[in-house]
Amino acid sequence: MTTHRPPPHLNPPSAAVETLGLGRTFRGGLGWRRRLALRDVSLHIESGETVGIVGPNGSGKSTLLRLLAGVDRPSTGWVEVLGAPPTARSVRRRLAFLPDGSPFPPELSARRVLDLIASLYGFHRSERRRRIHEMLDRVGLDDAGEAPIRTFSRGMHRRFGLAQAFLTDPEVILLDEPTAGLDAPGFGVLADLLGAARQRGATTVLASHVASDLIEHCDRLALLVSGEVQRIGTPDELLGDQEVLQLRVRGLRPEGLEAVTRSLEDRGAELLEAGPAHRSLLDLYRPGEPLPPGGPPPAPVHPPGLEGDGEP
Amino acid sequence: MNLPLMRLLARRAAPLPALLTVAAISALAIAGQPGRGEIVEVSPRFEAVIVSADKLAASTAWIAGLLAAACLAVVFAARIPDRWFRGEGDWLGGTGTSRSSIVRTALAGILLGSAMFSATLGTMIGSLSGAGTGPAAGEAARPQLLELSLVAGPSRSLVLMPGERFEQELPLARESGCKVRVRVTPTLGAAGPTTSARIEVDGASREETVARRTWLEVEASRTENTVSVTNTGSGALAVLGPGPVEAWRPSDAVAGGHLRLAGHGALFIMFLGAIAFGLGAWMGPGIAAALTAALWLGARMGLSSSAAAESLPGGASLVTAIEAVAEGRSPQVLSAGLASAAAGAVLAGFLLARAALNSWGREGRSS
């Protein structure tokens, strides 16, 4: 059962999010079988930190975020956000949560839903109007602001979700699968919003099953598998491979690659993969952006000894 | 209380298609009344007792519309918490508003939506009857309606054989233009299946053939205080209790008649909506709606013969109110008992929903 008083060592002043032995069990079937969604999760997230929760589907990421947001209650353990239980009113007004999927009222327009959310947070009408206008513009939905949410595409749904999460300038932001369904400009929107949140010292927790989506935004990553935190550390500590070095080179034609390969071999290294880099889709979306000279980019070039899929 | 949330919930409790459905059913109930405006003459003797279809049109519309509105309101109200458990609670519960406040606001929205059903229905019927073809229209066009001021008489029915007489004392404090009526029906036990009867008050009398359940009515002055009914025919006559004698006084509540009926209807739908909302927070919308209907029907049947039936929203008082409007009379003002019962249901709905929403993700509903 949940304890009602936090242990004395919990929640040092700098912690924005703190959990200790957090667990969540769901009843299944007729209530006899129990499904363990989270087991003994202990996290300490500093104020201003951006932490990613990564793990496969069904590993408990969404459950953990719902517990941190205070919309679900733990079966065991303790959770504190900004020094108090997340269900406390003082905390909820400083916290924002982007749930998985798009559970927003489909019959309302984006502007109406944002107005509803901002009013639930207690913002005045004039302030609501200003924030909603700014936020819709920022996420690129200004033109679609009056359309019912049910008419949105998946990417628009996700951008709208980001808008509602960042609308109130919260101190703690919890984002569940924020990149799912995002298009290239959407990734730019997310990066922009996360950057601004970081600048004003907000703490962000992101959950995703695609680690590469989070690496560039996160100070630390926590690996969640079968409801348990397996590892936690910086992206380099968790995903970095000290044996493999990645190079991006500008100004070298494919013919020059042989010399590079030889040079690397002279130093006892082995070139695993090389080929022309791809431009970002975002670059192509920009009106008037010229295509590379000579039409489409050349086919990948493999170093001597490497064929097709890169295997020798 | 959060106005945008209340607006959303009101919209969900009474969505536009449902309002249009209720309006259409009401219109069909009026337009589709069989024999409307026609007098079918079976025989000269029976002509007087044939029920005019016009007299039934307004009450049929009210009953059909209210039944449709009540069913829809129960289903919509029961569905609202289910949407919260299916994901909406994730963002709704994560906002800075307390759960009590959200439940309170939701309930207010549902009640508002429920009231919209009744208002739509009342406006619809009012405008149709205002076209001048219905009986309610004819009555509403009168400068005055009648308002019930007294119910009196024995608590049980009694039978008058040919030549027998029934008397009931009335208070002297009556206004001019007051009408007194007695509820009667022919019954077996004498020479024929029908009979005739005479009602007398203050020297004014009226004799009618009685072939079905009906009211014998006469205008009464203030000089005497007894109403009497005499069986002047050859068949038996039953004076129907409880309280077969009614005195009606003139009222200037011409528009108020429909408003009061709308109030009765609104209380009925709010009563059901609040219970459905509370139960819906604990169980699926289908089961909650069915259980709400079963609870109400159980109460209606259990209370049918007691005085408490008057305090059940949608019970005896609503039926009486509908009958009154159909007859061009003003229904009774909402009683304190009726309002208390509806308020109790709203409180029960709030407490049920509040307790269920301690967690937005109840174990049984989470996945």
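Computed from a predicted structure; not experimentally measured.
- When A:E107, A:R112, A:R93 are compared by the number of non-hydrogen pairs under 4.5 Å with chain B, A:E107 comes out ahead.
- In this structure, chain B has no heavy atom under 4.5 Å from any part of A:T168.
- Neither the backbone nor the side chain of B:L3 comes within contact range of chain A; no heavy atoms are under 4.5 Å apart.
- Ranked by heavy-atom pairs under 4.5 Å with chain B, the list A:P170, A:A69, A:P105 is led by A:P105.
- Between chain B and the residues A:L65, A:L174, A:L116, the most heavy-atom pairs under 4.5 angstrom are made by A:L116.
- No side-chain donor from either of B:T105 and B:N2 sits under 3.5 Å from a side-chain acceptor of the other.
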Legend entry - Audit row: A:E127, A:R131, salt bridge (charged side-chain N to carboxylate O under 4.0 Å, His left out) steps and yes/no: CA-CA 6 Å; A:E127 178 67 6; A:R131 281 176 183 259; 2.7 Å; yes

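- A donor-acceptor pair is defined here as one N or O able to donate and one able to accept, closer than 3.5 Å; no such pair exists between the side chain of B:T97 and the backbone of B:I102.
- Options B:R83, B:R12, B:R86 differ in how many heavy-atom pairs under 4.5 Å they form with chain A, and the most are formed by B:R12.
- Counting only distance, with no hydrogens or angles, the side chain of A:E171 and the backbone of A:G201 share no donor-acceptor pair below 3.5 Å.
- Looking only at distances, no side-chain donor or acceptor of B:T95 sits under 3.5 Å from a matching main-chain atom of A:I117.
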